[in-house]
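The figures here come from the full heavy-atom set of this structure, side chains too, leaving out hydrogens, waters and symmetry mates. Throughout, a chain's letter reflects where its sequence line sits, starting with A, and its residues are numbered from 1.
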Amino acid sequence: MHQRTEQPGPGSRPTLHELVRQLSACMLRDQRGLRVRLQKVQEMLRARRPAERLLAQIGVEVKRSREWRARRQAQLPRPVFPGELPVVQKKAEIAKAISENQVIVLCGETGSGKTTQLPKICLELGRGVGGMIGHTQPRRIAARSVAMRIAQELDSPLGQVVGYKVRFADKLSENTYVKLMTDGILLAETQGDRFLEQYDTIIIDEAHERSLNIDFLIGYLKQLLPRRRDLKVIVTSATINPEQFSRHFGNAPIVMVSGRTYPVEVRYVPIGGQEDDPDEDEPTLQDAIVGAVDELEREGRGDVLVFLSGEREIRETAESLRTHEAKGSEILPLYARLSTEEQMRVFQSHSRRRIVLATNVAETSLTVPGIRYVIDPGYARISRYNTRTKVHRLPIEAISRASADQRKGRCGRLAEGICIRLYSEEDFNSRTEFTDPEIRRTHLAAVILQMMALRLGTIQDFPFLDPPDYRAIRDGYQTLHELGAIDEQNELTEVGWKLGKLPIDPRVGRMILAAREEGALEEVLIIASALSVQDPRERPMERQQEADLAHAKWRDASSDFLSFVKLWEWYHERAKELSTSKLRKACKENFLSFVRMREWNDIHGQLVGLVREMGGEGK
DNA sequence: AATTAGCCC
């Protein structure tokens, strides 16, 4: 360590070989770049060209990176674990599996504590030093709230030891060991960090949800693993098909962790099954739900969660329950388009029995607290792209067994529960085991474009868990042809590269590129960004006419798109003059979601910036 | 006439 191979003195600098040896003590994200530059020095020396200055520069950076890593090593947090959680009881087994394998699959039910404790187990193993522990969540709220919880448990302010990054918001620092993010963010980061060298460990949480992002990441990681032998990957999943993940990663070990839930009794009550009066009208879903609510009322107190397929069905069911349930249970609708305020009512305490009428938000995104009973009619709207007709649709379909069990699991977190399925057991058994993953149901143009922009090879060769259908692939290529994104050889064109840089559907992106030539860029940017956020116009169930009236001032007789432009102008005139709180109030009075208006504005700003960067006219 | 929910460069 103290040997000096060159002349001693204040100017003494490490040699090329010393620096090469020191690379492994640097942060992972610096190693590759530094190695390349050191190779350049070696070539220069061989060619007998002077390289001292470059070597000195690299030396400074190596030192900085080594010191950074040493500091992280020294300050590595020592987590404490709450004893009661199931995942903590299996801590040793999990830690051993992680140490001995590059990939493991952790299978844990709700309430197992996997999401919060797993990153801490990784820290205890000394991971997170040379690179962060990256931890993905399917939703932004989850990424933030999980970050907050882990930060609390590690007794560190959010953004220090534990940070997060979601679109348009992050809280991270040089000292961050655990980074929560949406899976979309990690995927986006592959563009600038192809080897994901910010991380020494990656946790893909809720992988059973099988969104496009998750499937893409799982395939990406599979390709990356042989090139990043030091990277550890943990895939976590509910007990839905963990074997498939395991097989995909060369029979990675599966660690099972129990949840903390109570047993749920399942009753099959097919619609009209118990009625045989031929004079009666055909029994409806509404009758069946009312019947089930009555049946559950006889079971004792407790809130009920009913899964429905859409807003209209919720409204109808609310009406039939209100006319029927004179005793006055509290009936609450719950779906994503509801304003935050209205959604929050689900979390407020209450005295009367509550019946929550929810869409699939309640299956994954939102956990309704205090539910003792579930009523499951067994249907949901599922998006499907039809390659033959080239149309996206949202048909109501029978849900899979896995989905039905997920719904069932929404009660029984507090005490024993009952789940009434409004179909027969034979019906249940005849259903598909799992919901089709999104990659099998969606339009593939965006996926193919993204893969080409990342130079991931062809979609046919990519290691997907479930490869998409051949016809869907062909259709995706065809769309890209029509957009002018690829040429006859299926290579990306200049337009294609540009579309790949825009974080929106390539068809919408193409509108923007065309608008630059047509002199309509300003309007089209407003419309394009509007198309990629949820509609900010709110229509609360009890005040729909009022809302429609407020929205009417932006209506354009010729085009819904131009309504967006009018609304945009209305908002920005006020945004210029009003304080934030007054603007928020103006939004509320006009039945607009302030949060979504801001998101629209943020996306718009992002697109404006990217279009400007593209520069140049035309093409 | 009618639409679930989620995400990003």
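Phosphate contact (OP1/OP2 of B:dC8, side-chain N/O of A:Gln606, threshold under 4.0 Å): absent. Residue A:Ser383 has no polar side-chain atom (N or O) positioned under 4.0 Å from OP1 or OP2 of B:dT4. Remark: A:Arg140 is in phosphate contact with B:dC8, judged by side-chain N or O atoms under 4.0 Å from OP1 or OP2. Distances shown here put every side-chain N or O of A:Thr364 at or beyond 4.0 Å from the OP1 or OP2 atom of B:dA5. For A:Ser532 and B:dC7, the shortest distance from a side-chain N or O to OP1 or OP2 is not below 4.0 Å.
Using a 4.0 Å heavy-atom criterion, one finds that A:Leu187 contacts no nucleic acid atom at all. Nucleic acid contact class of A:Arg139 (heavy atoms, under 4.0 Å, all strands): sugar-phosphate only. Within the nucleic acid shown, A:Ser211 has no heavy atom closer than 4.0 Å to any nucleic acid atom. Nucleic acid contact class of A:Gly192 (heavy atoms, under 4.0 Å, all strands): none.
Between A:His443 and A:Tyr385, the ring planes are tilted. Angles from 30° to 60° get that label.
Relative to the six-membered ring of A:Tyr423, A:Arg431 meets both conditions, a distance below 6.0 Å and an angle of at most 45° to the axis.
Atoms CZ (A:Arg393) and P (B:dA1) sit 16 Å apart, rounded to a whole Å. Regarding A:Ile214, its CD1 atom lies at a distance of 13 Å from the P atom of B:dC8, rounded to whole Å. Per the geometry, CG belonging to A:Leu610 stands 11 Å off C1' belonging to B:dC8, to the nearest Å. Whole-Å rounding puts the A:Gln343 CD to B:dG6 P distance at 8 Å. Whole-Å rounding puts the A:Asp548 CG to B:dA2 P distance at 17 Å.
Set against B:dC8, B:dT3, B:dC9, the side chain of A:Gln450 has B:dC9 as its closest nucleotide.
Between A:Ser309 and A:Phe168, the residue anchored nearer the 5' end of DNA chain B, judged by the nucleotide with its closest heavy atom, is A:Ser309. For the pair A:Arg539 and A:Tyr335, nearest-nucleotide mapping onto DNA chain B gives the more 5' position to A:Arg539.
Only one option out of A:Arg441, A:Arg210, A:Arg384 pairs with A:Asp436 in a salt bridge (charged side-chain N to carboxylate O under 4.0 Å, His left out); it is A:Arg384.
Between the side chains of A:Ser563 and A:Trp554, no donor-acceptor pair of N or O atoms lies under 3.5 Å.
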Apply side-chain contact (heavy atoms from CB on, under 4.5 Å) to residues A:Ile399 and A:Arg407 and explain how you reach the verdict. CA-CA 10 Å; A:Ile399 59 171; A:Arg407 289 179 172 188; 3.5 Å; yes

